[in-house]
S.K.: 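Pasting a structure below so you can have a look.
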Amino acid sequence: MLDGFSLTIAILVTLLLGAAATAWLWRVRRRQEEAAAGIDALAAMRWREFARLVVEALHSRGFEAESVEQTLEHGPQAEVHLRLDGRPWLLSCKLAGARSRLGVASVRELADAVRFNAAAGGILATPARIDADARRSAAGLEFYDGNALWALVGPMLPASLRDDITANARRSSVRETALAWAGAVVIGVLVGFVLAMIGNGTVTAQAPSQSVAPAAPTASPKPAAPAATDPALAPPADPNRDQFERGEVIQAITTLPWVERVLWSTSSTLLIQQSEDVDQLQVEEVCSVLARYDALRASRLQLQPPAGSERKVRFLQCRSY
């Protein structure tokens, strides 16, 4: 269950992720989808329609076309003659798929035509992508491909076609925005649950350290404190300390080579399962461990003989040693 803090963080994470995704989808992604759909529409045109759109778009930038119709009669390989500030330019329109690429050959063909006609420059327009090597192969040329072509020719498209492209991109953005907000909600809830689990785990992890902090070190036996003569003056028993000391006794006795298993059968009886028969000297090793703890030094030992032994179970009191 989420507490107040983790719920607040979950809501903030959801809002931040959702808002960021929405801004990117509508300001960046939607324009990319419009451009991609527009380029696909240009690539699907006939070459004459495509060339007329490019000439019309360049006219708005100061270029004037010469004998466009006569040039179009010669087909896609012909260059359209333009003039800019009284100087001749050549336009080459290469109609190709939006996912295809134009190489060095197409660029050098236009560059050779510019030199042959002593033109001031050349323009290559295509829905395809022009390779970087092709761009470097001819200086003095202008390239309109991909998004650059869409920025040039897009405003010249018929209003109906442009509205369809915009509407499709908007519908796609709405779907993607809904998915983005659903993902933001999921991530926000997960972050909230993780924070809640960390908070609960931190509280739980501190409890043992607080209870075992007063435990005495086991490196060296501590001197026995004198027994209290008046029960009313004795300090109250600490159950956590008592449990900790019993665990230390079990750990210490388990290391003895003749001990197979150790457990506290009662609060004052320590049961030891022997792996071999032992004598009194070895039993005193157990008592020396118990002697380190005031509350356990008088505990009774229950010695279980090893399997197959003829000895019986023995009960001993460590105070006799």
Side-chain angles (χ1 to χ4, degrees), residues 1-45 49-50 53-54 56-62 94-102 123-136 142-202:
M1 192 67 180
L2 298 181
D3 55 18
F5 174 75
S6 57
L7 180 60
T8 301
I9 296 300
I11 294 174
L12 289 177
V13 170
T14 300
L15 293 178
L16 289 175
L17 292 179
T22 301
W24 182 82
L25 287 172
W26 285 90
R27 295 185 180 182
V28 180
R29 178 62 177 169
R30 184 171 63 88
R31 294 178 181 177
Q32 292 176 347
E33 291 188 355
E34 286 184 5
I39 294 170
D40 288 338
L42 294 175
M45 287 182 174
E49 297 174 348
F50 175 67
L53 280 175
V54 175
E56 184 180 354
L58 291 175
H59 180 72
S60 64
R61 301 195 176 188
K94 299 293 184 182
L95 195 58
R99 277 76 179 171
S100 60
R101 293 183 176 274
L102 290 185
I123 299 174
L124 177 59
T126 177
R129 296 287 184 179
I130 301 175
D131 287 337
D133 293 339
R135 292 176 181 273
R136 290 191 294 266
E142 294 185 9
F143 302 101
Y144 290 95
D145 65 329
N147 292 334
L149 176 68
W150 174 246
L152 175 69
V153 181
M156 304 299 168
L157 289 178
S160 58
L161 177 57
R162 188 171 181 86
D163 289 344
D164 288 342
I165 293 174
T166 302
N168 290 334
R170 184 180 294 110
R171 284 193 292 269
S172 178
S173 296
V174 170
R175 290 193 300 269
E176 293 176 348
T177 301
L179 292 175
W181 275 100
V185 170
V186 172
I187 295 176
V189 171
L190 289 177
V191 170
F193 273 111
V194 169
L195 290 177
M197 292 173 63
I198 291 176
N200 293 335
T202 302

S.K.: Begin from the C-alpha positions of Trp181 and Thr22 and carry the test side chain to side chain contact (heavy atoms under 4.5 Å, CB included) through to its verdict.
M.R.: CA-CA 8 Å; Trp181 275 100; Thr22 301; 2.9 Å; yes
S.K.: Counting distance only, does the side-chain N/O of Thr8 pair as donor-acceptor with the main-chain N or O of Gly4 below 3.5 Å?
M.R.: yes
S.K.: Which heavy atom in Glu33 sits nearest to a heavy atom in Ser172, and how many Å separate them?
M.R.: OE1-OG, 3.0 Å
S.K.: Taking Val153 as the fixed residue, which of Ile39, Leu42, Leu58 is the one that meets the side-chain contact (heavy atoms from CB on, under 4.5 Å) rule?
M.R.: Leu42
S.K.: If you take all heavy atoms of Ala43 and Gly97, which pair is closest and at what distance?
M.R.: CB-CA, 4.3 Å
S.K.: To the nearest 0.5 Å, what is the distance between CG on Leu17 and CD1 on Ile187?
M.R.: 5.5 Å
S.K.: Looking at side-chain heavy atoms only, is the closest gap between Leu157 and Trp150 below 4.5 Å?
M.R.: yes
S.K.: So, Arg136 and Asp131, do they make that salt bridge, N to O below 4.0 Å?
M.R.: no
S.K.: First locate atom CG of Leu190, then atom CG of Leu195, and finally report the distance between them rounded to the nearest 0.5 Å.
M.R.: 11.0 Å
S.K.: Please determine whether side chain to side chain contact (heavy atoms under 4.5 Å, CB included) holds for the pair Trp24 and Thr177, giving the CA-CA distance in whole Å, both sets of side-chain angles, and the decisive distance to 0.1 Å.
M.R.: CA-CA 10 Å; Trp24 182 82; Thr177 301; over 6 Å; no
S.K.: Between Ala184 and Gly18, which heavy-atom pair has the shortest distance, and what is it?
M.R.: CB-N, 3.7 Å
S.K.: Within this structure, what is the CG-CG distance for the pair Leu53 and Leu149, rounded to the nearest 0.5 Å?
M.R.: 9.5 Å
S.K.: Rounded to the nearest 0.5 Å, how far apart are CZ of Arg31 and OG of Ser173?
M.R.: 11.0 Å
S.K.: Using every non-hydrogen atom in the two residues, find where Thr166 and Glu34 come nearest and quote the distance to one decimal.
M.R.: CG2-OE2, 3.6 Å
S.K.: Please round to the nearest 0.5 Å and tell me the distance separating atom CE of Met45 and atom CG of Leu95.
M.R.: 9.5 Å
S.K.: Where is the tightest heavy-atom contact between Gly146 and Arg129, given as atom of each residue plus distance?
M.R.: CA-NH1, 3.9 Å
S.K.: Report the distance from atom CG of Leu152 to atom CD of Glu56, rounding to the nearest 0.5 Å.
M.R.: 10.5 Å
S.K.: Mind listing the closest non-hydrogen atom pair of Asp145 and Ala128 along with its distance?
M.R.: CB-O, 3.1 Å
S.K.: Could you please spell out the steps behind the side chain to side chain contact (heavy atoms under 4.5 Å, CB included) verdict for Leu102 and Phe143?
M.R.: CA-CA 11 Å; Leu102 290 185; Phe143 302 101; over 6 Å; no
